[in-house]
Structures are given as C-alpha cells and as structure tokens.
Amino acid sequence: MSKLKIKEGTIYKLVRVFIQDSSSTTGAGLTGLVYNSSGLTAHYLPEGDATATAITLATMTVGTWATGGFKEVDSTNMPGVYEIGLPDAVIDATSEGSTLVMLKGATNMAPVLL
C-alpha cells in the first residue's frame, strides 16, 4: 500500500498510482483504463468512520487537478501509471487521523490502496 502524508488544509491534490495488470505474470502495468471503465470504482474511508464514501471519477488532463479526475499518464513509456485528483473532502477527512483510499473493479485490475 502506498503511503502518503499530506498536510492538513492541502487542496487540489494530484497523486500518481501504479495499477498492476492482475493477468500478467511479469508484474506489468494495466493500460487503457479511463474514468468510466466498466467496474472501476474509488472509495475513501477516514479513520473512525464506519462506511466508505464513493469518489465519483471524472475525466481530466494529466497535470491538471479535477475532483475525482482519473487519467492514464503515458501508456507507452509508463504503462500502468495513472493520475488521480483527490477530492478535497478526502484530505479534509484526515484531520482526525488517517484515510484509506481504494481503487478497484476494472477487468484485470489489481486493487490499489493509498
């Protein structure tokens, strides 16, 4: 699980994640995902909460934050690397402790935890 430490009050946070292809025996990255890929979901769970909150994924331009934005960085040179625009509420929720973010569900996608 990737661990990020983000200062309270940070807004417009972009994070990069590696999404592994679960059908690969070499650990290759999964390419071709888009924000509305079938089955793809994202949720976050702040410490102390009992239920996860859905993150509505949206399209974005690499390097430009959009709430819930999800975009492949470079399928040729960095296969499996995606950028995600964390909604400000995800970071606001960390004031009481840590927050777990999970992306999962697309075909051949290994779940990603932050």
Side-chain angles (χ1 to χ4, degrees):
M1 171 173 21
S2 297
K3 294 181 182 180
L4 301 171
K5 187 171 185 172
I6 302 171
K7 185 177 179 177
E8 186 178 353
T10 299
I11 58 173
Y12 311 133
K13 182 66 179 170
L14 286 172
V15 295
R16 291 189 181 119
V17 296
F18 177 74
I19 299 178
Q20 192 170 12
D21 185 338
S22 63
S23 69
S24 170
T25 59
T26 64
L30 182 63
T31 59
L33 293 178
V34 293
Y35 76 97
N36 59 354
S37 289
S38 180
L40 179 62
T41 63
H43 290 81
Y44 69 97
L45 180 66
E47 186 176 326
D49 283 12
T51 57
T53 300
I55 298 171
T56 301
L57 297 176
T59 191
M60 70 177 208
T61 301
V62 171
T64 304
W65 180 87
T67 189
F70 181 84
K71 187 73 171 177
E72 187 169 25
V73 172
D74 182 339
S75 64
T76 302
N77 298 306
M78 300 185 86
V81 176
Y82 293 82
E83 220 171 48
I84 302 164
L86 292 180
D88 292 338
V90 172
I91 299 167
D92 289 344
T94 64
S95 62
E96 297 300 320
S98 64
T99 297
L100 178 68
V101 177
M102 179 179 225
L103 290 104
K104 66 180 180 73
T107 302
N108 295 329
M109 175 187 178
V112 175
L113 296 171
L114 296 171

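Values in this document were obtained by computation on a predicted structure and should not be read as measured data. Values below: all heavy atoms of this structure, side chains included; hydrogens, waters and symmetry mates excluded.
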*Asks:* Going by the rule side chain to side chain donor-acceptor pair (under 3.5 Å), which residues pair with T56 if we only count those two or more places apart in sequence or in a different chain?
*Replies:*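 With neighbours one apart ignored, the set is empty.
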
*Asks:* If the condition is side-chain contact (heavy atoms from CB on, under 4.5 Å), which residues does P79 pass it with, not counting sequence neighbours?
*Replies:*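 With neighbours one apart ignored, the set is T31.
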
*Asks:* For I11, what are the other residues in its hydrophobic cluster, where any two members join if their side-chain heavy atoms are less than 4.5 angstrom apart?
*Replies:*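 Its cluster partners, ordered by chain and number, are Y12, L14, M60, W65.
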
*Asks:* Would you give the length of the straight line joining atom CD of E72 to atom OH of Y35, rounded to the nearest 0.5 angstrom?
*Replies:*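 Answer for the CD-OH pair, E72 versus Y35, is 15.0 Å.
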
*Asks:* Can you list the residues that meet the side-chain contact (heavy atoms from CB on, under 4.5 Å) rule with A58, with sequence neighbours excluded?
*Replies:*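 By the side-chain contact (heavy atoms from CB on, under 4.5 Å) rule, A58 matches no residue at all.
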
*Asks:* When rounded to the nearest 0.5 angstrom, what distance separates CG in L33 from NZ in K71?
*Replies:*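 Going from CG on L33 over to NZ on K71, the span is 12.0 Å.
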
*Asks:* Not counting sequence neighbours, which residues clear side chain to side chain donor-acceptor pair (under 3.5 Å) with N36? List them please.
*Replies:*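 Per chain and number, N36 pairs via side chain to side chain donor-acceptor pair (under 3.5 Å) with no residue.
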
*Asks:* Given L86, which of V15, T10, T67 fulfils the side chain to side chain contact (heavy atoms under 4.5 Å, CB included) condition?
*Replies:*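 Considering V15, T10, T67, a side chain to side chain contact (heavy atoms under 4.5 Å, CB included) with L86 is found only for V15.
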
*Asks:* If the condition is salt bridge (Lys or Arg N to Asp or Glu O under 4.0 Å), which residues does E83 pass it with, not counting sequence neighbours?
*Replies:*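 Partners of E83 by the salt bridge (Lys or Arg N to Asp or Glu O under 4.0 Å) criterion, ordered by chain and then number, come out as R16.
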
*Asks:* Supply the atom-to-atom distance M102 CE to T41 OG1, rounded to the nearest 0.5 angstrom.
*Replies:*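 It is 8.5 Å, given to the nearest 0.5 Å.
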
*Asks:* As an exercise, state the distance from NE2 of H43 to CG of L100, rounded to the nearest 0.5 Å.
*Replies:*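 Rounded to the nearest 0.5 Å, the NE2-CG separation comes to 11.5 Å.
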
*Asks:* What's the separation between atom OG in S37 and atom CG in L57, rounded to the nearest 0.5 Å?
*Replies:*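 The CG atom of L57 is 9.5 Å from OG of S37, to the nearest 0.5 Å.
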
*Asks:* Report whether F18 and L30 are members of the same hydrophobic cluster (ILVMFWY, side-chain heavy atoms less than 4.5 Å apart, transitive linking).
*Replies:*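 They do not share one cluster, since no chain of ILVMFWY contacts under 4.5 Å joins F18 to L30.
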
*Asks:* Under a 4.5 Å side-chain heavy-atom rule over Ile, Leu, Val, Met, Phe, Trp and Tyr, are Y82 and L40 clustered together?
*Replies:*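 Same hydrophobic cluster.
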
